[in-house]
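Read through the structure below, which is laid out as structure tokens, and then see the notes.
All values below were derived from every heavy atom in this structure, side-chain atoms included, with hydrogens, water molecules and symmetry-related copies excluded. Everything numeric here is computed off the predicted structure, so don't read it as measured data.
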Amino acid sequence: MKSGLCTLSLILIVAITFLSCSRKTLSYEISNIDGRKVITNTGEPAKPDLKVELKPVLEIQGYTEEHPDETTFFRMTDISFNDNKYYVWNAHDLKLYIFDNKGKLLKSKCFKGSGPGEFEEYAVIHVSEYIYLFDNLGKIVIIDKNLELVKSTMDFTRLGQIENQIYNNCGDDSIFIMGEKLIVSDNGLKTQYTVKKLNGELEDSGILKLELEAYQLMLSGEYFKKMTVINDNELIIGISNNYEPSFDVYDKLLNFKYTFKRQGFIPGRSREEQKIIVDINGEESVKENPLWFEKRVWRTIGFIDKYNLFVSVSRSYEYSTLYLNLYSDGVYINTIERKYSSPEDVQNTKIIVKDNLIFEYNYELNNIKIYDITVDGL
């Protein structure tokens, strides 16, 4: 009898232990708000044991006093990888550089000016069959891979511009090809987000105005940062105030699919971070740029197509760290930490996630480090 009770107790203990282990607490919640699907990530990663590795592929060195050459990169704003070549856009001199997969400069061309195919402003790049450049003023230039002009717009005013709207004066980073349409998006409107679709002749095929219903539902506050990323099937628009990010996902036809957001961020910057910003930039400079004290929960966003992973990049001056936050179908799963030697290094480093690669550009060192990313355990 005693033996039977012991056996029964052992079975119960094993069963309770098994059930406890199998009952995994979700790190996210799915809800429906006003007919919209919303995924709320509660702060902890869903897959903390995920194995993520960045493998160095190449380093491209720009001009330095010790090693002068034809390249500059004093202000690299965008980069793309296509046909086994790297296309680097430098806003410092409005010049495009093409390198082979070994980092050898193949050709370059300056596009500075006010004529057809020329720029006076910051621009971003998309490379597919042709090279597409899109600047802050809304101008689009298409060139072939010999850097010869194919087509250019001259009167393409800032997208979505409407009277009496408030604009942020910041770069967009949003030009994509989806199917047969070229999609460029406006990063300036605070009250709505517009996406303009163009056909191959750069003729307007309609503006889709995405009213910020979901954004206003998710966020409060007056300061917003917006950016867009696209993959083969979806358009993802990110918008945040100074402490909480929210992302809206649309399908190929630009129909709303769902919103995902992430909680757990500390509002504002700590006193230590504010002191570091003043030390780096100088007190007078910070007074002229009060937004430097705003805590932006991501600096840029991107997509890793081979793993279907959305990535947001944020930074901490206090810990001299850049964070690459990974999301799978709207669920926050893991973070890659890139630690640097000083807060100045963090400020001088720009991360671009594009074409299944991680591009790490340092303004001070004037170099581009390129990494492949491998993920095991999805």
With sequence neighbours left out, the residues meeting ring pair (Phe, Tyr, Trp, His ring centres under 6.0 Å) with Y323 are none
Flag if over 12 foreign heavy atoms under 6.0 Å of OH, Y258:
yes
- [ ] Examine distances only and state if a side-chain atom of N281 and a backbone atom of I277 form a donor-acceptor pair shorter than 3.5 Å.
- [x] yes
Would you indicate whether the side-chain heavy atoms of V331 and F260 approach each other to under 4.5 Å? no
D345 meets the side-chain contact (heavy atoms from CB on, under 4.5 Å) criterion, sequence neighbours left out, with Y340, S341, S342, N362
In short, salt bridge (charged side-chain N to carboxylate O under 4.0 Å, His left out) pairs touching residues 324-343 with sequence neighbours left out are E337-K339, R338-E360
#### Entry: More than 12 heavy atoms from other groups under 6.0 Å of CD on E29
no
With sequence neighbours left out, the residues meeting side chain to side chain donor-acceptor pair (under 3.5 Å) with K51 are none
request  = Answer whether the closest heavy-atom distance between the side chains of E364 and E344 falls below 4.5 Å.
outcome  = no
hydrophobic_cluster_shared for L50 and F303, side chain cutoff 4.5 Å: yes
Sorted by chain and residue number, the ring pair (Phe, Tyr, Trp, His ring centres under 6.0 Å) partners of Y363 (sequence neighbours excluded) come out as Y361
Scanning both residues in full, the closest heavy-atom pair of Y130 with I143 reads CB-O, 3.5 Å
### Query
Does the side chain of L96 come within less than 4.5 Å of K109's, by heavy atoms?
no
- Item | Short side-chain donor-acceptor distance under 3.5 Å, S80 and D355 | yes
The salt bridge (Lys or Arg N to Asp or Glu O under 4.0 Å) partners of K85 (sequence neighbours excluded) come to none
Sequence neighbours excluded, the answer for salt bridge (Lys or Arg N to Asp or Glu O under 4.0 Å) partners of E283 is none
For Y28, the ring pair (Phe, Tyr, Trp, His ring centres under 6.0 Å) test, sequence neighbours excluded, returns none
| said: Quick check against the 3.5 Å criterion: does E273 have a side-chain atom that pairs as donor or acceptor with the backbone of Y319? | reply: no
Next on the checklist: Can a donor-acceptor pair be found, under 3.5 Å and without considering hydrogens, that links the side chain of Y87 to the backbone of V127?
Outcome noted: no
Sequence neighbours excluded, the answer for side chain to side chain donor-acceptor pair (under 3.5 Å) partners of T374 is none
query: Above 12 or not: heavy atoms from other molecules or residues under 6.0 Å from NZ of K145?
result: yes
Residues pairing under salt bridge (charged side-chain N to carboxylate O under 4.0 Å, His left out) where one sits in residues 301-323, two or more places apart or in two chains, turn out to be K306-D372
Across all chains, not counting sequence neighbours, the salt bridge (Lys or Arg N to Asp or Glu O under 4.0 Å) partners of D144 are none
Can you tell me if N90 uses its side chain to pair, donor with acceptor, with the backbone of R75 under 3.5 Å?
yes
Sequence neighbours excluded, the answer for side chain to side chain donor-acceptor pair (under 3.5 Å) partners of Q263 is none
